[in-house]
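A short worksheet on the structure shown next.
One is the number of the first residue; the rest follow in order along the sequence. From a predicted model like this one, the values you see are computed outputs, not experimental measurements.
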Amino acid sequence: MKLQKLRNIGIIAHVDAGKTTLTERLLHFTGALHSMGEVHHGGTVTDHMVQERQRGITIASAAVTVGWRDHRINIIDTPGHIDFNIEVNRSLRVLDGAVVVFDSVAGVEPQSETNWRLADQYGVPRICLVNKMDRIGADYLRVVNMIRERLGARPLVVHLPVFVEEIYVGLIDLTTMTLHRWNTDDGWKYSSEDITPEYQEQAAHYRAQLEETLVELDDELLEGWLNGAALQTDDLRRLIRQGVVSGAFVPVLCASAFKNKGVQMVLDAVVDYLPSPQDVKGVETVDGAQVVEADIEGAFAALAFKVVNDKHGALTYARVYRGSLAAGSRVLNANVGQYERIGRIYEMHADRKVARDRIGAGDIVSLVGMKHTQTGDTLCAPEAPLVLERINAPEPVMDIVIEPKSRQDQDRLGEALRAIVGEDPSLRLSTGAAGETLVSGMGELHLEIVVDRLQTDYDIAVAIGRPQVAYRETITQLAAVDYVYKKQKGGPGQFAEVRMHFEPIAGDGIEFESQIVGAAIPREYVPAVEDGVRQAARSGILGGYPSGGFKAVLLDGSYHAQDSSQLAFSVAGREAFKEAMSQAAPRLLEPVMAVEIVTPRDHVGDCIGDLMRRRGSILVQADRGDACVINAEAPLAEMFGYIGDLRTMTAGRASFSMTFSHYAETPQGVADSVLNAD
C-alpha cells in the first residue's frame with residue numbers, strides 16, 4: 001500500500017470521554033469487528049487486560065488496524081487516567097495524527113489539557129471530536145469555546161449538531177452544507193438532505209467563518225473569494241488538511257459514539273484531514289545531525305516505543321520510520337550497540353496477532369526475539385547507524401513497599417517486578433534504607449495495578465505497605481566546593497580535584513555545565529564528573545530522597561597524568577555534591593497536584609473548606625450546567641483517600657480528577673514530621 005493511503009492515529013482524551021467506545025465503533029463500522037462490546041460490560045477489543053475489564057477503564061494502549069475508503073488506518077487507543085499517562089506519551093511520540101475526544105457536557109478536563117500539551121510537544125496534528133452529544137446538557141459550542149480558551153488552540157467548526165426536542169438526531173457538515181440525519185437507532189443508515197429552516201442561519205454563519213479561516217491559506221483562492229467566487233468542497237477539504245498538518249487550526253466534529261451516530265464522519269475526517277507518514281516532518285536523530293523521512297527505499301530505521309511481556313515472551317512494539325525489514329533479519333540497537341535478530345513480526349489487533357513476513361516505512365508492529373531492546377531504543381540497519389530521540393518518562397510521585405508473603409517467592413517477585421517495570425518507564429524499582437523493595441509510580445491506581453498483575457499474571461501473593469509520597473530534596477542557596485579525591489594506598493593511585501558551584505534552579509530537574517578552559521581537566525573526564533553528581537543526587541542528605549532543582553557548574557580542577565581516571569573524577573563529583581548539599585540549606589520538596597472537583601452547588605462550601613484543611617489553594621471556581629467546578633492545587637500527601645471523604649461530604653454526588661502539577665517546598669513543620677517519621 002502506498003504511504004499516502006496510510007494513517008497512524010491515536011485516540012486520546014480525559015477518562016470517561018468515550019475513547020474506547022469510539023474505537024470499538026470504528027472497528028465495527030469498518031467491518032473489522034462484527035459484534036461490538038461495551039466498556040461497562042468489559043467486552044471491548046482494546047480493553048483486553050483482566051484489570052481493564054474489571055475496572056472499565058483503559059490501562060495500556062492497544063493497537064488495531066482498520067480499512068476505510070481504500071486507506072489503512074492504524075489506531076492506538078490510549079488511557080485517559082493520569083496514572084497511565086506514559087502510554088499517551090509514548091504513543092504520541094510515534095503517531096502522525098490524533099483524534100482528541102471531549103465529553104459534550106464536561107468539555108476540556110484536566111487530562112485533556114495534559115494530553116493536548118503532549119501532542120503540542122511532539123507536534124502531532126489533530127482533530128477534535130465532541131462526543132456524547134446524546135447526553136442531557138450537551139453543549140457543543142461551549143466545548144468549542146473551551147478548546148479555544150483553555151487549550152489556546154484555534155478551533156475550526158466543521159460540524160454542527162442537530163436536535164429535535166433535545167434529542168440528537170443528526171449533524172450539519174459545513175463543507176458540503178448538508179444535513180446528515182440518522183434513520184435507524186443503530187446509526188448505520190443516515191439520509192443526506194437540505195438544512196432545515198431553523199438551522200439555516202446558524203449554518204450560514206459558521207460556514208462563513210469556515211471559509212474566512214481557510215482562504216487565509218491560499219492566496220489565489222482568497223482573491224477569488226473576495227471577488228465573490230464560490231469555494232468548492234474539494235478545495236475546502238484540501239485546505240482543512242493543509243491547516244491541520246501545519247497546526248494552523250483544529251477541526252471540531254460532533255458525534256455520539258455510544259449511539260453509533262457520526263462514526264462514519266469521523267472515519268471520513270481521519271482520511272480527509274489527518275496526514276500520512278509522508279505529510280509530516282521527519283524525525284530527527286538525537287544529535288540533530290539527520291532527519292529521517294518516511295521512505296520505503298531507505299536504510300531501515302525504527303523506534304521501539306513499548307515492550308510487553310506475556311506468557312509467550314517479550315513483544316517489542318516498534319514504529320518503522322524508514323526502509324523495510326523481513327522476518328529473520330538482523331538489526332542494530334544503536335542505543336546499546338547490540339545486534340538483534342527479528343524472530344517474528346506481528347500486526348497487532350489488540351491482543352490478537354497477525355503474522356507479517358515483511359514491514360516497511362509507516363508500519364506499527366510488534367517484534368519477537370528482542371533481547372536487549374527497551375522502550376525508546378532505536379533499531380536500525382547495521383550499515384546506517386543512528387539514534388532517534390528517546391521517550392521521556394514522567395517522574396513517579398508515590399512509593400509502596402512490596403514483599404512476598406512466601407519466602408519461596410522472593411526470587412520470582414524480583415523477576416516479575418523487573419519485567420513489569422521494564423514494560424512501564426514511569427515505574428521505578430529501588431531499595432529502601434532498610435533493604436525493603438520499593439516500587440514508585442504515578443498514583444494509587446498505578447501501583448494498585450502493579451500489585452494486581454503480580455497476583456493475576458505471575459501468581460505471586462504479596463504484602464504491601466501504605467502508599468508513600470515520593471518526596472524530593474533540593475538546595476535553596478548557592479554553594480561553592482573545592483573537593484580533592486586522593487587515594488595512594490593499596491594498588492594504583494587515584495587523584496581528581498574539582499572546583500564547582502551548585503545553584504538553585506526552577507523545577508526539580510538537574511542541569512550540568514562545564515566552564516573548564518584549557519587543560520585543567522581533560523575533556524574525557526568531564527562526563528565522569530557529571531555522572532558522579534547525578535549518581536549522588538539519587539539520594540539526598542535529609543531523608544535519602546532523590547535530589548533536584550539545581551545546576552552544577554564545573555569551574556576548575558586538576559588531574560594527575562598517571563593517577564587520574566574517570567572513576568576518580570566520578571567519585572570527586574559525587575562527594576562534591578554531598579558537601580554542597582550540606583552547605584546550601586537543603587529543603588524537602590513535595591508533589592503538588594492539580595485537582596478538579598465537580599460538585600452540586602449546595603456542597604461547594606464543604607468542598608472548599610475541606611481542601612483548605614488539606615493545605616490546598618483554590619484557583620478557579622466556575623459553573624458547569626447545574627454543577628460547580630472547583631480547580632485547585634493541593635499536596636499529594638493530603639489527598640490519600642480523598643474520594644471516600646468527597647463522597648461522604650456530597651452524598652456521592654461529586655467527582656474529582658487529579659493530575660501532577662509540580663514540586664513545591666514542603667512547609668518546615670510538615671517536613672520535620674516526614675523526616676522524623678523516617
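Residues satisfying the side-chain hydrogen bond (donor to acceptor under 3.5 Å, both in side chains) criterion with R647, sequence neighbours excluded, are absent altogether. Partners of D606 under the salt bridge (charged side-chain N to carboxylate O under 4.0 Å, His left out) rule, at least two apart in sequence or in another chain, do not exist in this structure. Every residue meeting the ring-ring contact (aromatic ring centres under 6.0 Å, His included) condition with Y663, not counting sequence neighbours, appears here in chain and number order: F660. A search for ring-ring contact (aromatic ring centres under 6.0 Å, His included) contacts involving F656 returns Y642, not counting sequence neighbours. Shown here are the ring-ring contact (aromatic ring centres under 6.0 Å, His included) partners of H180, two or more places apart in sequence or in another chain: Y190. The ring-ring contact (aromatic ring centres under 6.0 Å, His included) search around H14 returns none, not counting sequence neighbours. Checked against salt bridge (charged side-chain N to carboxylate O under 4.0 Å, His left out), R148 has no partners two or more places apart in sequence or in another chain. Considering only residues two or more places apart in sequence or on other chains, E665 meets the salt bridge (charged side-chain N to carboxylate O under 4.0 Å, His left out) condition with R587. With sequence neighbours left out, S426 forms a side chain to side chain contact (heavy atoms under 4.5 Å, CB included) with I86, P394, D424, M442, H446. Evaluation of the salt bridge (charged side-chain N to carboxylate O under 4.0 Å, His left out) rule for R615 yields E590, E638 as partners, not counting sequence neighbours.
The stretch residues 159-173 participates, sequence neighbours left out, in no salt bridge (Lys or Arg N to Asp or Glu O under 4.0 Å) pair at all. Every pair passing ring pair (Phe, Tyr, Trp, His ring centres under 6.0 Å) that includes a residue from residues 121-166 is listed here, sequence neighbours excluded: F163-Y168.
Between E109 and R150 there is no salt bridge, since no side-chain N of the basic residue sits under 4.0 Å from a carboxylate O of the acidic one.
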